[in-house]
Student: 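Here it is, the structure in full.
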2 protein chains.
Amino acid sequence: MKWDALEEEPCSLARTVAVIGDRWSLLILRECFLRIRRFDDFQASLGITRHLLADRLKKLVRFGVLRKIPYQEAPKRYEYILTAKGLDLYPIIMSIVHWGNIHMVDARGRPLLHEHKSCGKMFDPVMVCSECGEPLSAKHVHVHPGPGARRSSPLHASARERTKRGAEQG
Amino acid sequence: MKWDALEEEPCSLARTVAVIGDRWSLLILRECFLRIRRFDDFQASLGITRHLLADRLKKLVRFGVLRKIPYQEAPKRYEYILTAKGLDLYPIIMSIVHWGNIHMVDARGRPLLHEHKSCGKMFDPVMVCSECGEPLSAKHVHVHPGPGARRSSPLHASARERTKRGAEQG
DNA sequence: TATTGACAGTTCTAAAATAGAACTTATGGT
DNA sequence: ACCATAAGTTCTATTTTAGAACTGTCAATA
């Protein structure tokens, strides 16, 4: 499967994965949320090759996650900053960090602590239901096909269905 | 940078990315949360090559995200099911889906709707502070070094610092 | 004036990962 | 014996990534 194909999938996860579903994009975004903005700063702090960094920044700009803002003329230089769309990735970044905090820390403990300025306390992110405010878990969620679903299948056809349909169609 | 190096980083995001930071792992996990459990079902529903699927399942099992459970003897067959550690990935998956719902849907609308069984309503996931319950945004969060942080740097050294230190150390 | 350094890339080759298809192993059914 | 199911493994070709060097602008310095 090609990356372009992912964007076309009738699945919000697949489409998002097309934007951020590779290791360097996620690491670049981490740096963005830590106020890194410039090419050489990304490069040095990540150890990414300049080639790939250029490529990924271009991709993130193309998807509207980052914007190139000139910060000096002569020679023209740009900073990469998060757009509103990019800032909306915060829950993804935070939930990834949180999972790592719970399941991947070594004996030394967390590399990072997060303080909520609004209440002044160190916190963990919690994902809750927008309607009732209760914490969410997979088993209390039921999935329905939405208006953009593929044909009659719940999400997309299950394995066996698709194999059969493929065979029927050609 | 090699994948193994990511696991060693003093950063919970990098360590999590070592586990789920590639497109196929995320898509496989989507299927897991949709109750797909068997090799051929993953393969057919994702269109992933069998080679890569075997590789990714092995990796997810190694990291303790999936467990192989025998469902028949002779010939021995296994299902891949989410462990508790794997189920904890739900907020990551949901926040990815939600971002796609907001920013990547086409004119037809969302491919999927989510119902919260506890309250009976269609919902969106919201990330809140564990201490005060307010919705989180990047600008209300301040980052502090934790016990597992690298030396004296806030998260890890900034670009320029690291270049300099590298030069000093040889 | 020539040199150095900062910055943001681009270009190159070698190594690694992925795609796509065929093959293997074990077993049960016809 | 022959076919189907299931879960992989093996193979070659293509694509992606790593790593290093190179390019082009401009400012400051010797």
Side-chain angles (χ1 to χ4, degrees), chain A residues 1-6 17-18 21-28 31-32 36-62 66-81 158-164 166-167, chain B residues 1-6 17-18 21-28 31-32 36-62 66-81 158-164 166-167:
Chain A
M1 194 202 278
K2 278 135 197 170
W3 280 96
D4 296 359
L6 265 188
V17 165
D22 71 280
R23 115 177 101 148
W24 286 124
S25 297
L26 284 164
L27 291 167
I28 288 167
E31 299 301 297
C32 292
I36 298 291
R37 299 159 127 83
R38 300 185 183 179
F39 193 93
D40 276 21
D41 288 345
F42 285 114
Q43 201 278 318
S45 90
L46 290 173
I48 185 177
T49 65
R50 306 178 74 76
H51 180 99
L52 270 210
L53 177 58
D55 180 82
R56 290 298 189 276
L57 288 173
K58 211 167 283 176
K59 188 188 76 172
L60 292 170
V61 168
R62 177 161 56 81
L66 297 180
R67 200 191 338 260
K68 250 175 121 159
I69 305 284
Y71 71 90
Q72 76 170 35
E73 308 290 321
K76 200 106 176 177
R77 294 277 184 260
Y78 298 90
E79 291 186 320
Y80 295 89
I81 65 157
S158 78
R160 236 170 301 269
E161 284 174 71
R162 278 181 62 164
T163 321
K164 288 210 189 98
Chain B
M1 193 202 278
K2 280 135 196 169
W3 281 95
D4 295 358
L6 265 187
V17 165
D22 71 282
R23 109 178 107 147
W24 287 122
S25 296
L26 284 165
L27 291 168
I28 288 167
E31 299 302 296
C32 290
I36 298 290
R37 298 162 128 80
R38 300 185 184 180
F39 193 93
D40 277 20
D41 289 345
F42 285 113
Q43 201 277 320
S45 88
L46 291 172
I48 186 176
T49 64
R50 305 178 73 76
H51 179 100
L52 269 211
L53 177 58
D55 181 81
R56 291 297 190 275
L57 289 172
K58 211 167 283 177
K59 189 187 76 172
L60 292 170
V61 168
R62 177 162 55 82
L66 297 181
R67 199 191 338 258
K68 251 174 119 162
I69 305 283
Y71 71 89
Q72 75 170 34
E73 308 290 322
K76 200 104 176 177
R77 293 277 182 257
Y78 297 90
E79 291 186 320
Y80 294 89
I81 64 156
S158 77
R160 234 170 303 270
E161 285 173 71
R162 275 182 63 165
T163 321
K164 289 212 190 95

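Computed from a prediction, not measured in an experiment: that's the story for all the values here. Here is the naming used below: chain letters follow the sequence lines, and residue numbers restart at 1 for every chain.
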Student: Please report the distance, rounded to the nearest Å, between CG in A/Leu53 and C1' in C/dT11.
Tutor: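 Rounded to whole Å, this separation is 16 Å.
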Student: Is it true that a side-chain atom of A/Gln72 and a backbone atom of A/Pro75 form a donor plus acceptor pair closer than 3.5 Å?
Tutor: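 Checking the backbone N and O of A/Pro75 against the side chain of A/Gln72, a donor-acceptor pair under 3.5 Å is found.
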Student: Might you point out which heavy atoms bring B/Leu66 and B/Tyr80 nearest each other, and give the distance in Å?
Tutor: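 B/Leu66 and B/Tyr80 have their closest heavy atoms at CD1-CB, 4.2 Å.
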Student: Just the rounded figure in Å: distance from C1' of C/dA6 to CD of A/Gln43.
Tutor: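 After rounding, the gap between these two atoms is 14 Å.
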Student: Figure out the CD/C1' separation between B/Glu73 and D/dT5, and round it to whole Å.
Tutor: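 Going from B/Glu73 (CD) to D/dT5 (C1'), I get 17 Å.
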Student: Apply side-chain contact (heavy atoms from CB on, under 4.5 Å) to residues B/His51 and B/Thr49 and explain how you reach the verdict.
Tutor: CA-CA 5 Å; B/His51 179 100; B/Thr49 64; 4.1 Å; yes
Student: When rounded to the nearest 0.5 angstrom, what is the spacing between NZ in A/Lys59 and CG in A/Asp22?
Tutor: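 Spacing of NZ (A/Lys59) from CG (A/Asp22) equals 4.0 Å.
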Student: Looking only at heavy atoms, what is the nearest atom pair of A/Arg23 and B/Lys2, with distance?
Tutor: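 For A/Arg23 and B/Lys2, the tightest heavy-atom pair comes out as NH1-C, 3.7 Å.
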Student: For residues A/Arg56 and A/Ser25, report the shortest heavy-atom separation together with the two atoms involved.
Tutor: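 Answer, listing the atom of A/Arg56 first, then A/Ser25: CD-OG, 3.5 Å.
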Student: Using heavy atoms and a sub-4.0 Å distance, could you list which residues of residues 74-81 of chain A are near DNA chain C? By number, please.
Tutor: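 When residues 74-81 of chain A is checked for heavy atoms under 4.0 Å from DNA chain C, the hits, listed by number, are A/Arg77, A/Tyr78, A/Tyr80.
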Student: For each nucleotide in nucleotides 15-20 of chain C, reading 5' to 3', give B when a protein heavy atom comes within less than 4.0 Å of its base, S when such contact involves only the sugar-phosphate, and - otherwise.
Tutor: ---SBB
Student: For A/Ile69 and C/dA8, what is the distance between atoms CD1 and P respectively, to the nearest whole Å?
Tutor: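 Roughly 14 Å, once rounded to whole Å.
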Student: Send over the distance from A/Asp4 CG to D/dT15 C1', rounded to a whole Å.
Tutor: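 In whole Å, D/dT15 C1' and A/Asp4 CG are 13 Å from each other.
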Student: So does B/Lys58 get a side-chain nitrogen or oxygen closer than 4.0 Å to the phosphate oxygens (OP1/OP2) of D/dA7?
Tutor: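 The answer is no; no side-chain N or O of B/Lys58 sits under 4.0 Å from OP1 or OP2.
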Student: Provide, to the nearest angstrom, the distance between the CG atom belonging to B/Asp40 and the C1' atom belonging to D/dT9.
Tutor: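 Checked: the CG to C1' distance equals 14 Å.
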Student: B/Asp40 vs B/Arg77, test: salt bridge (Lys or Arg N to Asp or Glu O under 4.0 Å). Steps then yes/no.
Tutor: CA-CA 11 Å; B/Asp40 277 20; B/Arg77 293 277 182 257; over 6 Å; no
Student: Is any side-chain N or O of A/Lys59 closer than 4.0 Å to OP1 or OP2 of D/dT16?
Tutor: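 For D/dT16, OP1/OP2 do not have a side-chain N/O of A/Lys59 under 4.0 Å.
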Student: Roughly, in whole Å, what's the span from CG in A/Leu46 to C1' in D/dA18?
Tutor: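 From A/Leu46 CG to D/dA18 C1': 15 Å.
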Student: Supply the atom-to-atom distance B/Leu46 CG to B/Ile28 CD1, rounded to the nearest 0.5 angstrom.
Tutor: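 Nearest 0.5 Å value for the CG-CD1 distance: 6.5 Å.
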Student: With respect to the phosphate group of C/dA6, does any side-chain polar atom (N or O) of A/Tyr71 fall under 4.0 Å of OP1 or OP2?
Tutor: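 Answer no for this pair, as no side-chain N or O of A/Tyr71 is under 4.0 Å from OP1 or OP2.
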Student: From CZ of A/Phe42 over to P of C/dG9, roughly how many Å is that when rounded to an integer?
Tutor: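 These atoms are roughly 11 Å apart.
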Student: Distance-only, no hydrogens or angles: does the B/Gln43 side chain make a donor-acceptor pair with backbone N or O of B/Ile48 under 3.5 Å?
Tutor: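 Yes.
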